[in-house]
Amino acid sequence: QYPAGGSSTNPFL
Amino acid sequence: VDIPWVVKPEEKMKFDTIFDSLGPVGGMLTGDKVKPVLLNSKLPVDILGRVWELSDLNRDGMLDKDEFSVAMYLVYRALEGEPVPMSLPPPLVPPSKR
């Protein structure tokens, strides 16, 4: 669901 | 630091009403509840992502009432054509979180 290295707390990333 | 919060009381009341209508749990709204509201603004997703980064002050993936007001404030300003800042200016940090 989230890109690797992205912020897992940001629903827009 | 005694700077007045840029979110005016009447705006805060409006944002609090929206917050309550979204069904907060334990006084918090999760990302999946806030996301559709922000997407409704029709702003680009990368802008909304930055709005989220700036408003989720404790990076817990949820917004409390004050954090949600920051998010809504930034969205409304962006809709008026003002750029979303790269970092949160001190007057935008809720007094409860300084």
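Note that this is a predicted model, so its numbers are computed, not measured. We name chains A, B, ... by the order of the sequence lines, and we start the count at 1 in each one.
Under the 4.5 Å side-chain heavy-atom criterion for grouping Ile, Leu, Val, Met, Phe, Trp and Tyr, Val34(B) is not connected to Met62(B) through any hydrophobic cluster. In the hydrophobic clustering of ILVMFWY residues, with side-chain heavy atoms under 4.5 Å counting as a link, Phe15(B) and Trp52(B) come out together.
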From CA spacing to verdict: side-chain contact (heavy atoms from CB on, under 4.5 Å), Leu39(B), Phe12(A): CA-CA 10 Å; Leu39(B) 286 174; Phe12(A) 297 96; 4.2 Å; yes
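Using a 4.5 Å cut-off between heavy atoms, Asp60(B) touches chain A through its backbone atoms (N, CA, C, O) alone.
Listed here is the closest heavy atom pair of Pro11(A) and Gly31(B): CG-CA, 3.8 Å.
For residues 21-35 of chain B, the pairs satisfying side-chain hydrogen bond (donor to acceptor under 3.5 Å, both in side chains) are Thr30(B)-Asp32(B), with sequence neighbours left out.
Atom CD of Glu53(B) sits about 6.0 Å away from atom OG1 of Thr9(A), to the nearest 0.5 Å.
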Between side-chain atoms of residues 77-94 of chain B and protein atoms elsewhere (two or more places apart, or another chain), which donor-acceptor pairs fall under 3.5 Å?
unit_1, atom_1, unit_2, atom_2, d
Arg77(B), NE, Glu80(B), OE1, 3.0
Arg77(B), NH1, Tyr73(B), OH, 3.4
Arg77(B), NH2, Glu11(B), OE2, 3.2

